[in-house]
Amino acid sequence: MVAGSACGKVILLGEHAVVYGHPALCGALRDGVQIEAVPGSGILSVPAWGLRVSAVKASDGSDLARAYGAVLASLGIPPSALHHDLVVRFSIPTGAGLGSSAALSVALARALGAILQIPLTPDQVARAAQAAEEVFHGRCSGLDHTVAQQGGFGLFRRPDGLVPLKAPPLPLCIGLTGRPRDTRGRVARVAELYRDRPVETRTLFRRIEELVEAAARAVTSGDLRALGTAMDENQVLLGQLEVSCPEIDQMCQLARSAGAWGAKLTGGGGGGCVIALSPGAEAAVHTAWRRAGFTSFDATIGGVEALAA
Ligand code: MEV
């Protein structure tokens with residue numbers, strides 16, 4: 001039985017600045033994660049990670065165990081109440097900046113509500129997911145778990161949340177650098193830059209905000225050339241924030257040479273994924289990446305109906 005599910009996410013523009021209250025343009029990947037419930041004693045297993053953790057020992061051990069403990073504590077569920085095991089199945093690459101941990105956190109809260117027949121409010125799910133996300137990533141804006149929970153497409157800004165935008169489906173090429181994204185480390189590095197060079201860093205954030213606003217206008221008016229230009233400039237600024245890496249830079253360059261209108265990292269950076277906007281040149285972008293040894297796939301954001309919270 002599928003007891004809980006949640007979406008993955010793509011940040012089109014605005015990651016990192018969003019942690020400081022600036023907006024980000026983002027959309028859901030409909031199939032993020034599903035959690036199956038089978039009779040058992042509260043074991044949470046993630047076959048893709050080779051991990052099995054017990055609800056009883058959830059407060060110590062791996063990040064997964066502590067995140068599980070944080071969700072249980074947030075929902076006020078004692079381990080003794082659990083008479084099911086939960087099995088996590090991802091439909092998106094994990095550790096890649098596509099919101100897999102947030103999807104897991106939201107789906108876990110939903111699954112626990114379902115198996116215990118507790119009617120959870122959207123706020124309860126959000127708070128439980130936020131507690132788990134803080135275990136996985138430390139300081140975070142809340143964007144990932146909000147999109148995992150609500151689906152859709154729009155502008156996210158702290159503390160307002162996600163304001164939906166009507167956008168036509170937007171096809172993207174997504175390429176994996178092969179290096180895990182380093183959200184925690186990159187968020188910490190940006191915090192250092194903010195502390196040591198506040199004026200320059202705030203200037204970068206303000207320019208990112210202008211790009212996010214331009215990109216939102218471009219998406220809603222169907223001007224994908226302008227969206228690609230904004231993505232490219234956002235990538236330059238992310239490089240200045242020290243959240244890119246050589247593989248990301250190489251993949252962006254390969255995508256542009258193959259005909260992409262814009263390319264950038266998505267999510268925490270330091271590894272993870274590159275997104276390329278390549279109308280009509282998708283095959284060429286995938287070929288260029290694959291020849292260089294990278295794996296990739298197609299995905300669509302926007303045009304995704306919001307899920308029940
Ligand atoms: C991670 O997917 C996005 C970041 O902006 C962190 C956050 O928003 O919490 C890097």
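The analysis underlying the following values was restricted to heavy atoms, covering all of them including side chains, and did not include hydrogens, waters or symmetry mates. For ligands, and for the atoms within them, numbers begin at 1 and follow the listed sequence. The shown structure was predicted, so the numbers you read here are calculated from the model rather than taken from an experiment.
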- Message: Among all the protein's non-hydrogen atoms, which is closest to atom 3 (C) of ligand 1, and how far away is it?
- Response: I11 CD1, 3.7 Å

- Identify whether NZ of Lys or CZ of Arg in R139 sits under 6.0 Å from the centre of the six-membered ring of Y20 and within 45° of that ring's axis. yes

- Query: Does any donor atom in the side chain of Q34 or S91 lie under 3.5 Å from an acceptor atom in the other side chain?
  - Reply: no

- With atom 8 (O) of ligand 1 as the reference point, say which of S141, G138, G272 has the nearest heavy atom. S141

- Task: Check whether V135 and Y68 end up in the same hydrophobic cluster, where Ile, Leu, Val, Met, Phe, Trp and Tyr are linked by side-chain heavy atoms less than 4.5 Å apart.
- Result: no

- Give the atoms of ligand 1, by number and element, whose distance to some non-hydrogen atom of V18 is under 4.0 Å. 5 (O), 8 (O)

- among protein heavy atoms, the one nearest atom 4 (C) of ligand 1 is H16 N, 4.0 Å

- Query: Is R290 atom CZ crowded by more than 12 heavy atoms from other residues, nucleotides or ligands, each under 6.0 Å away?
  - Reply: yes

- Note on the structure: Atoms of ligand 1 under 4.0 Å from any heavy atom of C140, numbered from 1 in the order shown, are 9 (O)

- A132 versus A70, closest heavy-atom pair with distance: N-CB, 4.2 Å

- Item | Region of K9 that comes within reach of ligand 1 [heavy atoms, distance under 4.0 Å] | side chain

- Nitrogen or oxygen of D144 less than 3.5 angstrom from that of ligand 1: yes

- Which atoms of ligand 1 sit under 4.0 Å from any heavy atom of E15? 5 (O)

- Are the side chain of H83 and the backbone of G40 linked by a donor-acceptor contact shorter than 3.5 Å? no

- Okay, side chain of E209, backbone of P23: is any donor-acceptor separation there less than 3.5 Å? no

- In terms of residue, atom name and distance, what is the protein heavy atom nearest to atom 6 (C) of ligand 1? V19 CG2, 3.8 Å

- Message: Please list, in number order, the atoms of ligand 1 under 4.0 Å from a heavy atom of G268.
- Response: 1 (C), 10 (C)

